Amino acid sequence: MGLRTIHLKLHKPGAAKRNIINKAFLNYNNAYNYLLGKAYSEIDIIEERCRSKKGTYSTLGLSKWIDSDLSAEINRFDIQPFKDSLKLDFGMTLASYFVQKKNNPQMPYPGFKSEPVTLGEKLRPIYFCRYDTKRCFCLLHDAVNQKFFAKLFLMNTRNGKDRCSHEFNRELNYISKKPEKAKALKKETFIIVPLSFGKWQLDFLMQAVEKPEMLRTARLINKNNEYYLSLSIDLPEDDKIETNTFLGVSRGMESAVNYTAVDGQGHLLLNGTFDCRNSENQSECKKEMHKLASEIVNLAVKNKSMVVLQNLTGKGDKLSWTDEGKTVKPVFGCKQYNDLARILDYKLPQKGLPPPAKVSSVDIFHSCSVCGSNTKKNRFSKTLFICTTCGLSSSLDSLGSLNLSTKLIRYKNTPFKLKARRTMEGMYLQNELIGLDFFVPRYQNPLDILKEKIQEISDSFEEYAGERKLNSKEVRSIIEKLKRNNFANIEIV
């Protein structure tokens with residue numbers, strides 16, 4: 001399962017509902033500040049008493065510091081509808097503070113106000129800790145008009161609003177495991193507000209109609225005098241798909257992205273391009289990006305592919321081309337490509353595929369896919385690749401995705417090299433990548449000694465890598481590869 005947050009706008013609430021929402025924000029923030037102020041005077045005691053045996057802090061454990069007396073005290077802020085949520089929100093704040101304080105003893109205590117808050121200042125979102133049709137919050141669906149509504153419990157019984165008409169002017173059904181029609185009540189402690197959102201949010205909401213267990217928690221946000229429901233959902237995943245091909249997806253000079261699929265031996269299955277329409281409208285850009293990601297996912301599902309992406313968070317791919325003083329850049333910038341990668345991180349597991357593998361793209365646009373020659377001289381023009389060793393001619397865009405698609409295959413087949421130096425007493429073996437340097441006496445088995453050394457590294461991995469200033473990710477990857485292949489991929493040089 002993968003947690004995802006979507007933002008839904010409360011669509012044009014009337015004056016009466018705005019007043020209820022604003023009052024709830026003031027009540028929630030004043031009660032929250034009151035709790036922080038109370039805790040401040042006892043913070044050392046809380047830090048000591050609420051620490052677990054492992055030295056950690058939990059949200060639930062810290063929320064229990066609010067005893068029955070203090071819980072009764074904060075009722076004066078009329079926060080009964082969201083009291084449980086408020087306690088957990090307070091617990092989350094202190095847990096975060098203690099974690100940060102552990103790394104930075106000078107960490108300041110969370111800011112709070114001793115005087116009442118006003119609507120003109122920045123307000124803390126109202127947290128709803130559960131999805132429930134009887135309390136906290138829930139969603140309603142008008143199937144006839146394909147509209148969605150939020151039901152928010154914001155008032156206590158004393159402040160509940162009277163309803164003149166006991167009927168809704170449309171048929172609303174709860175999104176729940178036991179769908180039923182919503183009914184108007186004579187006195188209501190909640191408000192029902194229509195929601196507005198984009199197409200990709202609609203996709204998630206339609207899934208929730210079928211699988212309401214997806215819906216988890218929410219926060220009501222006040223931003224520029226508009227209200228938004230930030231909804232946390234647990235995305236369902238399809239049955240796991242056993243992958244047997246690789247799909248490389250790279251940036252391009254002529255298209256947004258290029259793709260190449262190969263089988264387990266690296267033989268070409270298909271290739272092509274996907275484009276993404278540019279727009280100055282941020283919302284439109286997001287829609288296009290999600291559409292592009294869905295096309296890639298569908299292709300990967302159809303071919304049972306492990307998706308391989310460029311890792312553009314460190315070194316770049318040197319894809320830009322400079323000619324006569326003018327620099328031509330790829331269609332997709334690094335940020336756009338990384339945004340696409342983040343979407344694929346959760347969309348692929350949703351469909352039962354593994355998350356994308358992100359590999360170095362340093363050489364994918366300069367290496368020949370036939371002979372392996374790797375030189376900048378192979379780049380003949382903005383879009384053309386010609387190998388200076390074997391003469392292979394290729395579109396630069398298609399070459400990049402092909403090299404990406406075969407990277408994991410090449411890595412899997414690359415042997416673990418051990419440098420050997422023999423003496424009369426035995427043999428010295430060395431591998432600089434993982435900082436390995438050991439001696440094998442003449443009458444002992446080098447493989448047995450190697451396995452012992454690798455196990456020692458595994459047992460104290462972080463300390464080992466830190467002392468030798470090694471790339472911990474690379475070391476872990478090499479060790480896992482050795483074990484996965486049962487130490488059969490070793491080459492003595």
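Since this is a predicted model, take the numbers as computed values, not measurements. Values reported hereafter were calculated over all heavy atoms of this structure, with side chains retained and with hydrogens, waters and symmetry mates removed.
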Under 4.5 Å between any side-chain heavy atoms of L229 and L152, yes or no? yes
Does a side-chain heavy-atom distance below 4.5 Å link V308 with V249? no
Where do Y428 and T423 land on the side chain to side chain contact (heavy atoms under 4.5 Å, CB included) test, with the steps shown first? CA-CA 8 Å; Y428 289 92; T423 67; 3.8 Å; yes
When rounded to the nearest 0.5 angstrom, what is the spacing between CG in L8 and CG in L139? 7.0 Å
Between D263 (side chain) and G266 (backbone), is there a donor-acceptor pair under 3.5 Å? yes
Using modelled atom types and a 3.5 Å cut-off, is there a donor and acceptor pairing between side-chain atoms of N431 and backbone atoms of F416? no
Would you please test L402 and S405 for side chain to side chain contact (heavy atoms under 4.5 Å, CB included) and show each step? CA-CA 5 Å; L402 173 60; S405 65; 4.0 Å; yes
For L309 versus V307, what's the shortest heavy-atom pair and its separation? CD2-CG1, 3.8 Å
Which donor-acceptor pairs under 3.5 Å do the side chains of residues 91-105 make with protein atoms, sequence neighbours left out?
residue	atom	partner	partner atom	Å
T93	OG1	Y32	OH	2.8
T93	OG1	D89	O	3.1
T93	OG1	R124	NH2	3.3
S96	OG	Q100	NE2	2.9
Q100	NE2	S96	O	3.3
K101	NZ	E47	OE1	3.0
N104	OD1	Q106	N	3.2

Taking the side chain from R379 and the backbone from S381, do they hold a donor-acceptor pair closer than 3.5 Å? yes
With no hydrogens and no angle check, do the side chains of T243 and S305 hold a donor and an acceptor under 3.5 Å apart? no
Go through the steps to decide whether L399 and N258 satisfy the test side chain to side chain contact (heavy atoms under 4.5 Å, CB included), and finish with yes or no. CA-CA 9 Å; L399 177 78; N258 305 271; over 6 Å; no
Atom of L392, atom of S369 and distance for their closest heavy-atom approach: CD2-OG, 3.6 Å
Between the main-chain N or O of L319 and the side-chain N or O of K329, is there a donor-acceptor pair closer than 3.5 Å? no
Would you find more than 12 non-hydrogen atoms of other residues, nucleotides or ligands less than 6.0 Å from E242 atom CD? no
Side chain to side chain donor-acceptor pair (under 3.5 Å) involving K9 - partner list, sequence neighbours excluded: none
Least distance between heavy atoms, V440 atom then Q444 atom: CG1-O, 3.6 Å
Kindly compute the distance separating NZ (K304) from CZ (F246), expressed to the nearest 0.5 Å. 14.5 Å
Rounded to the nearest 0.5 angstrom, the CZ-SG distance for F128 and C136 is 6.5 Å
Nearest-0.5 Å distance, OG of residue S394 to CG of residue N403: 8.5 Å
Under 3.5 Å, side chain of R251 to main-chain N/O of F332, donor-acceptor pair present? yes
In terms of the angle between their ring planes, are F137 and Y131 parallel, tilted or perpendicular, with boundaries placed at 30° and 60°? perpendicular
Check P415 against E491 and note the closest heavy-atom contact, atom names and distance. CG-OE1, 3.1 Å
Given side chains that start at C-beta, do those of D317 and D363 come closer than 4.5 Å, heavy atoms only? no
Could you tell me which residues satisfy salt bridge (Lys or Arg N to Asp or Glu O under 4.0 Å) with R130, sequence neighbours excluded, listed by chain and number? D84
Can you measure from OG1 (T414) to CD1 (I409) and round to the nearest 0.5 angstrom? 11.5 Å
Quick check with a 6.0 Å cut-off and a 45 degree axis cone: is K481 positioned over the face of Y411's six-membered ring? yes
Atom NZ of K113: over 12 foreign heavy atoms under 6.0 Å: yes
Using only atom types and a distance under 3.5 Å, with no angle test, would you say the side chain of T273 pairs donor to acceptor with the backbone of S255? no
Quick one: list whatever passes side chain to side chain contact (heavy atoms under 4.5 Å, CB included) with A24, sequence neighbours left out. F82, I126, L154
Does I175 reach the side chain of L215, with side-chain heavy atoms less than 4.5 Å apart? yes
Contacts under 3.5 angstrom, residues 449-458 side chains, donor-acceptor by atom type, not counting sequence neighbours:
residue	atom	partner	partner atom	Å
Q455	NE2	D459	OD1	2.9
S458	OG	I454	O	3.0
S458	OG	K483	NZ	3.1

Could you tell me how the ring of Y227 sits relative to the ring of F25: parallel (under 30°), tilted (30 to 60°) or perpendicular (over 60°)? parallel
Are the side chains of P125 and S230 in contact, using a 4.5 Å heavy-atom criterion? no
Can you tell me if Q146 uses its side chain to pair, donor with acceptor, with the backbone of A143 under 3.5 Å? no
Are L88 and L60 close enough that some pair of their side-chain heavy atoms sits under 4.5 Å apart? yes
Pair N311-T313, side chain to side chain donor-acceptor pair (under 3.5 Å): steps then yes or no: CA-CA 6 Å; N311 183 357; T313 57; 2.7 Å; yes
Ion pair check, R4 and D345, cut-off under 4.0 Å: no
If you apply the rule side chain to side chain contact (heavy atoms under 4.5 Å, CB included), what do you find for L344 with I296, and how did you get there? CA-CA 8 Å; L344 290 172; I296 293 170; 4.2 Å; yes
Can you give the donor-acceptor pairs under 3.5 Å from side chains of residues 382-390 to other protein atoms, not counting sequence neighbours?
residue	atom	partner	partner atom	Å
T388	OG1	N378	OD1	3.1
T389	OG1	S373	OG	3.1

What is the minimum heavy-atom distance between L247 and Y259, and which atoms define it? CD1-CB, 4.0 Å
Around F380, counting heavy atoms of other residues, nucleotides and ligands shown, do more than 12 lie under 6.0 Å from its CZ? no
Taking all heavy atoms of I343 and all of M289, pick out the closest pair and write down the distance. CD1-CG, 3.5 Å
Less than 3.5 Å apart, any donor N or O on the side chain of H7 or Q201 sitting next to an acceptor on the other? no
I'd like to know if the side chain of S85 and the backbone of C129 have a donor-acceptor N/O pair within less than 3.5 Å. yes
Does the side chain of M306 come within less than 4.5 Å of T245's, by heavy atoms? no
Are the side chains of H11 and L195 in touch, meaning some heavy atoms are under 4.5 Å apart? no
Expected output: side-chain S398 to main-chain S395 donor-acceptor under 3.5 Å: yes
With rounding to the nearest 0.5 Å, note down the distance linking CE in M427 to CZ in R422. 5.0 Å
What verdict does the side chain to side chain donor-acceptor pair (under 3.5 Å) test give for T5 and S232, after you've listed the backbone C-alpha separation in whole Å, the side-chain angles of each residue and the deciding distance to 0.1 Å? CA-CA 5 Å; T5 301; S232 177; 4.8 Å; no
Is it true that a side-chain atom of N224 and a backbone atom of E226 form a donor plus acceptor pair closer than 3.5 Å? no
